[in-house]
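Take a look at the structure below.
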Amino acid sequence: MCRSWILFCLQLFLIGNLVACATNINQQPQQSISTPAQVVPKNSAKRVVALSAIAADIISQLDQSKLVGMTGSSLFNKNSRLQNIPRINEGRTPLNLEKVIALKPDLVVAPTGFYVQEMGKLQQLGIATYTYNLNSWEALQQLTKTLAQSIAADPQPLLNRYQSFLENKPAQQYSTLVLVSVKPILSPNKNSWAGDLLTKFQAKNVTADLQGQSQFRGYVTLSPEKILQENPEVLILVNTPQPQSRTELLESWQKEAFWQQLQAIKNNRVYIFDYHGLVNAGSIDAIEATCKQLRLALSGQ
């Protein structure tokens, strides 16, 4: 996996993290929308466009009739529930603002720091917008509650489902290292979706409290020496949105000099996780699958 693709993917999905977020050097992060008139329409929204996969999934499960447009995602290619929802854009394709406006939305939802200029233009047209940072479990719950309020739906069934994902947590804590990319070597600290999820499953994330020089908030750049110093009991490798085979991913890491020296390798505690669910929330099903895998991995199974 080339460095440019890794950096692009992380910039695309992770940069809307914590307080200050921006996707490009020339973009300024959109001001967080906090006044009631901007968070939700004056009346409950009947036509919502979701500019992220997780927002589209939440809205469709709260009330499918309210979702009139969404960004495309490979997560939903075989999802019959979302098959007929118009796609605004997908992947690297720029957002077509005219497509959004043509759908006559009364609410547009996007991650903070994305589509900043377009969201500003929508506000000028009197269309309500809502932006969010999904960097913790609590943020997922709050996003669900806010979207439910905006379309006059009941969030409790979804909140109950989320809670079921966290049941039967591992009793023992293992030192754990998540490796997201090879060059540079990136790992999540506690200020990220992945870092928060590790905490929920009792993992001792060895990079939780590190603050590095990475341009991606919530992620730190590690040296081989630091990895050897931490010497984790559990090692989690992340397969990127352009997935490799298990063999290819392992081979890319096995070339690193530190690999064979780690106790996780010696004890066969290496696990491969999908990017969606762990690094980027992606969808509710992806989150559920990741939680199941974390439960098994951190229980030594």
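If you read the sequence from its start, that first residue is 1, and numbering goes on from there.
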Stepwise salt bridge (Lys or Arg N to Asp or Glu O under 4.0 Å) check, D57 with R81 | CA-CA 10 Å; D57 197 16; R81 174 167 47 85; 3.2 Å; yes
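Side-chain contact between L250 and W259 is present, with heavy atoms from C-beta onward closer than 4.5 Å. Using a 4.5 Å heavy-atom threshold, the side chains of V182 and E256 count as touching. Using a 4.5 Å heavy-atom threshold, the side chains of N96 and N89 count as separate. Counting heavy atoms from C-beta on, the side chains of Q211 and V220 never come closer than 4.5 Å.
One finds the CG atom of D285 at 7.0 Å from the CD atom of Q61 (value rounded to the nearest 0.5 Å). To the nearest 0.5 Å, atom CD of residue Q263 and atom CG of residue L235 are 10.5 Å apart. We find the OG1-OH distance between T146 and Y130 to be 4.0 Å, quoted to the nearest 0.5 Å.
In Q254, the CD atom is crowded: over 12 heavy atoms of neighbouring residues, nucleotides or ligands sit closer than 6.0 Å.
Between the side chain of D274 and the backbone N or O of H276, at least one donor-acceptor pair lies under 3.5 Å.
Closest non-hydrogen pair, V68 versus I85, comes out as C-CG2, 4.1 Å.
Applying the side chain to side chain contact (heavy atoms under 4.5 Å, CB included) test between P232 and each of L262, T207, T176 identifies L262 as the sole match.
Remark: N84 engages no residue in a side-chain contact (heavy atoms from CB on, under 4.5 Å) (not counting sequence neighbours).
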For residues 194-201, tabulate all N or O donor-acceptor pairs below 3.5 Å that involve a side-chain atom, not counting sequence neighbours.
{"unit_1": "D196", "atom_1": "OD2", "unit_2": "W137", "atom_2": "N", "d": "2.8"}
{"unit_1": "D196", "atom_1": "OD2", "unit_2": "K200", "atom_2": "NZ", "d": "3.3"}
{"unit_1": "T199", "atom_1": "OG1", "unit_2": "G195", "atom_2": "O", "d": "3.2"}
{"unit_1": "K200", "atom_1": "NZ", "unit_2": "E138", "atom_2": "OE2", "d": "3.2"}

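Among pairs with a residue in residues 172-182, none fulfils salt bridge (charged side-chain N to carboxylate O under 4.0 Å, His left out), at least two apart in sequence or across chains.
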